[in-house]
Amino acid sequence: MVNILRQKDITILDFGPEYANLDEASLSNVVQQIVEVAKHTSPPLVVIDLSHTESIGSFFIQFLIRIWKLIKKRGGKLVIAGLSEDCLNVLKRSKIESLWQRYPTREAAAEALKDAE
């Protein structure tokens, strides 16, 4: 399972070492859990921590867009922490890297969201 952490008003979705490759197989067990977080976390301020992730696929990209839209619809904000160069390149090839602010660490991401409130 993805670790769901709370730091004051910020929700952090921590994809641990078991999520080195974010493809359909690895995500299938957690999709519904994360959709529920996106629909109900309050306030809707979410950090996705991908510090342990080495590769992402099209399924993850579709999933990320879905989560982002759910949070945005509620007036919230989604940011990404710890994105590797390889994962960033996948987002760039998909021409969607500018949809989310990126931070080197979850702490920096949480701080930025706190300041944005």
Side-chain angles (χ1 to χ4, degrees):
M1 299 304 266
V2 171
N3 289 321
I4 301 171
L5 311 168
R6 289 286 291 185
Q7 282 186 359
K8 297 191 169 89
D9 286 343
I10 311 295
T11 300
I12 299 170
L13 301 176
D14 176 26
F15 287 80
E18 65 274 24
Y19 295 101
N21 300 308
L22 287 178
D23 54 18
E24 190 168 358
S26 65
L27 285 170
S28 61
N29 294 335
V30 297
V31 167
Q32 197 53 46
Q33 172 195 24
I34 296 172
V35 166
E36 290 303 313
V37 169
K39 285 181 178 177
H40 302 291
T41 192
S42 184
L45 301 171
V46 178
V47 174
I48 293 187
D49 186 352
L50 299 176
S51 300
H52 300 285
T53 302
E54 298 166 12
S55 69
I56 57 176
S58 59
F59 183 84
F60 177 74
I61 291 171
Q62 292 170 343
F63 175 66
L64 185 61
I65 290 170
R66 179 180 174 197
I67 297 305
W68 171 65
K69 285 181 177 178
L70 286 169
I71 292 168
K72 190 175 172 186
K73 188 165 95 175
R74 298 180 54 226
K77 192 162 184 188
L78 173 84
V79 299
I80 299 174
L83 191 67
S84 74
E85 198 63 37
D86 288 342
C87 294
L88 176 58
N89 287 334
V90 171
L91 295 180
K92 284 180 177 178
R93 283 194 304 273
S94 302
K95 301 194 184 320
I96 60 170
E97 80 279 2
S98 64
L99 293 178
W100 307 281
Q101 290 180 303
R102 298 179 307 274
Y103 298 91
T105 65
R106 82 168 67 155
E107 292 79 17
E111 195 61 39
L113 281 180
K114 216 178 345 177
D115 292 345
E117 280 188 278

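Below, all heavy atoms of this structure are taken into account, side chains as well, without hydrogens, waters or symmetry copies.
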Asks: Glu54: which residues meet the salt bridge (charged side-chain N to carboxylate O under 4.0 Å, His left out) condition with it, sequence neighbours left out?
Replies: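 Expected list: none.
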Asks: Just jot down the side-chain hydrogen bond (donor to acceptor under 3.5 Å, both in side chains) partners of Ser26, sequence neighbours excluded, or say none.
Replies: Asp23
Asks: Under the side-chain hydrogen bond (donor to acceptor under 3.5 Å, both in side chains) test, which residues partner Tyr103, sequence neighbours left out?
Replies: Gln101
Asks: Who are the side-chain contact (heavy atoms from CB on, under 4.5 Å) partners of Lys73, not counting sequence neighbours?
Replies: none
Asks: Of all the heavy-atom pairs spanning Gly75 and Pro44, show the shortest one and how long it is.
Replies: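 Of all heavy-atom pairs spanning Gly75 and Pro44, the closest is C-CG, 4.3 Å.
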Asks: List for me each residue that meets side-chain contact (heavy atoms from CB on, under 4.5 Å) alongside Glu18, sequence neighbours excluded, and say none if there are none.
Replies: none
Asks: Quick one: side-chain contact (heavy atoms from CB on, under 4.5 Å) partners of Ser55, sequence neighbours excluded?
Replies: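 Partners of Ser55 under the side-chain contact (heavy atoms from CB on, under 4.5 Å) test: Asn21.
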Asks: Which pairs, with at least one residue in residues 24-47 and sequence neighbours excluded, count as a salt bridge (charged side-chain N to carboxylate O under 4.0 Å, His left out)?
Replies: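 Sorted pair list comes back empty.
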Asks: Suppose the criterion is side chain to side chain donor-acceptor pair (under 3.5 Å): which pairs have a residue in residues 58-70, not counting sequence neighbours?
Replies: none
Asks: Testing the basics here: between Ile71 and Lys77, what is the closest heavy-atom pair and its distance to 0.1 Å?
Replies: CG2-N, 3.4 Å
Asks: Could you tell me which non-hydrogen atom of Ile67 sits nearest to which non-hydrogen atom of Ala38, and how far apart they are?
Replies: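 Closest heavy-atom pair between Ile67 and Ala38: CG2-CB, 3.9 Å.
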Asks: Please report the interatomic distance CG(Leu70) to NZ(Lys72), rounded to the nearest 0.5 Å.
Replies: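 Leu70 atom CG to Lys72 atom NZ measures 12.5 Å (nearest 0.5 Å).
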Asks: Once rounded to the nearest 0.5 Å, what's the spacing between atom CZ of Arg74 and atom CG of Leu45?
Replies: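 Answer for the CZ-CG pair, Arg74 versus Leu45, is 9.5 Å.
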Asks: For the residue pair Ile96 and Ile61, establish whether any side-chain heavy-atom pair is separated by less than 4.5 Å.
Replies: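 They are in contact (side-chain heavy atoms under 4.5 Å apart), so the answer is yes.
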Asks: Answer with yes or no whether the side chains of Thr41 and Arg6 bring together a donor and an acceptor at under 3.5 Å.
Replies: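 There is such a pair between these side chains.
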Asks: Looking at Val79, Val46, Thr11, which one forms a side chain to side chain contact (heavy atoms under 4.5 Å, CB included) with Leu113?
Replies: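 Of all the options given, the one that passes is Val79.
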Asks: Could you name each residue pair satisfying salt bridge (charged side-chain N to carboxylate O under 4.0 Å, His left out) that touches residues 95-113, not counting sequence neighbours?
Replies: Asp14-Arg106, Asp49-Arg106, Glu111-Lys114
Asks: Hey, could you give me each pair passing ring pair (Phe, Tyr, Trp, His ring centres under 6.0 Å) that has a residue in residues 4-31? Not counting sequence neighbours.
Replies: Phe15-Tyr19
Asks: Table please: side-chain donor-acceptor pairs of residues 83-94 below 3.5 Å, with sequence neighbours left out.
Replies:
from	atom 1	to	atom 2	distance (Å)
Ser84	OG	Cys87	N	3.1
Asn89	ND2	Glu85	O	3.2
Ser94	OG	Val90	O	3.1

Asks: Looking at Leu99, Leu78, Ile34, which hits side chain to side chain contact (heavy atoms under 4.5 Å, CB included) with Leu64?
Replies: Leu78
Asks: Strictly by ring pair (Phe, Tyr, Trp, His ring centres under 6.0 Å), give each pair with a member in residues 27-64 just once, sequence neighbours left out.
Replies: none
Asks: Distance from Asn3 atom CG to Leu13 atom CG, nearest 0.5 Å?
Replies: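 Going from CG on Asn3 over to CG on Leu13, the span is 10.0 Å.
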